[in-house]
Amino acid sequence: MNFDELKNTIDHLKKTCKCPQCKSSYKNKDISVIATTNIEGMMEMRCPKCQVSTMVTVVISSINPEIKEQLPRTHKTISDNDLLDVKNFLNSFDGDFKKVFTQIPNKKQ
Ligand SMILES: [Zn+2]
């Protein structure tokens with residue numbers, strides 16, 4: 001995911017995602033990039049009002065970024081492998097973004 005793609009993805013998230021709890025919109029500062037590969041990105045969106053944190057996995061398609069999964073809600077069909085990836089990630093995730101960012105291998109690059 002290059003910078004343009006990342007920027008488009010964040011714009012897309014801001015347009016299409018709202019807090020699952022209070023329906024607030026997200027702004028740039030509410031969205032953290034946790035990890036990206038060539039075509040995928042994992043972001044955390046924290047609601048500016050109620051502080052609920054939501055994880056999203058985004059896949060870059062040729063035209064628009066597609067929001068593949070939003071946790072805790074799942075909107076779209078995902079493959080078993082993808083689900084396993086996210087599960088593994090969440091199992092080992094202790095809230096330390098800095099550590100996670102440096103530990104996740106970019107195996108798809
Ligand atoms: Zn909220």
Side-chain angles (χ1 to χ4, degrees):
M1 197 180 279
N2 62 32
F3 181 72
D4 278 347
E5 288 165 339
L6 186 61
K7 192 170 168 295
N8 287 341
T9 300
I10 302 294
D11 285 346
H12 190 70
L13 287 175
K14 284 190 294 183
K15 263 185 239 160
T16 57
C17 292
K18 293 198 186 312
C19 170
Q21 184 155 299
C22 73
K23 309 297 178 203
S24 291
S25 299
Y26 299 103
K27 297 195 167 73
N28 284 345
K29 66 177 173 58
D30 306 318
I31 302 173
S32 305
V33 178
I34 296 169
T36 62
T37 64
N38 281 351
I39 58 157
E40 285 178 288
M42 180 177 271
M43 285 89 184
E44 187 212 24
M45 301 185 298
R46 188 172 292 274
C47 176
K49 278 194 186 156
C50 69
Q51 306 300 310
V52 160
S53 158
T54 306
M55 295 281 204
V56 290
T57 307
V58 181
V59 176
I60 302 290
S61 67
S62 52
I63 307 167
N64 274 316
E66 176 195 356
I67 298 168
K68 193 172 66 166
E69 187 177 0
Q70 184 171 352
L71 299 174
R73 298 181 302 166
T74 303
H75 296 293
K76 293 178 183 168
T77 310
I78 55 173
S79 76
D80 288 343
N81 259 348
D82 289 335
L83 193 60
L84 203 63
D85 278 353
V86 175
K87 258 193 196 161
N88 287 341
F89 173 79
L90 291 177
N91 278 342
S92 59
F93 183 62
D94 62 2
D96 186 343
F97 290 137
K98 216 170 183 178
K99 196 171 83 190
V100 167
F101 195 78
T102 53
Q103 276 183 352
I104 289 183
N106 279 337
K107 52 191 170 187
K108 285 173 190 164
Q109 280 183 351

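Computed from a predicted model, the values in this text were never measured in an experiment. Each ligand, and each atom within it, is numbered from 1 in the order the structure gives.
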Exercise. Tell me how many protein N, O or S atoms are closer than 2.8 Å to the Zn ion (ligand 1).
Key: 4
Quiz item: Can you find a heavy atom in the side chain of N2 that is under 4.5 Å from one in the side chain of E5?
Solution: yes
Exercise. Mind checking side-chain contact (heavy atoms from CB on, under 4.5 Å) for Q21 and listing every partner two or more places apart, or none if nothing turns up?
Key: C19, C50, V52
Self-check item: With sequence neighbours excluded, residues passing side-chain contact (heavy atoms from CB on, under 4.5 Å) with K27
Solution: D30
Quiz item: Got M43 and L6 here, is their nearest side-chain heavy-atom distance under 4.5 Å?
Solution: yes
Self-check item: Gap between atom CD1 of I39 and atom CE of M1 - 0.5 Å precision
Solution: 8.5 Å
Self-check item: Partners passing salt bridge (Lys or Arg N to Asp or Glu O under 4.0 Å) against K49 (at least two apart in sequence or in another chain)
Solution: none
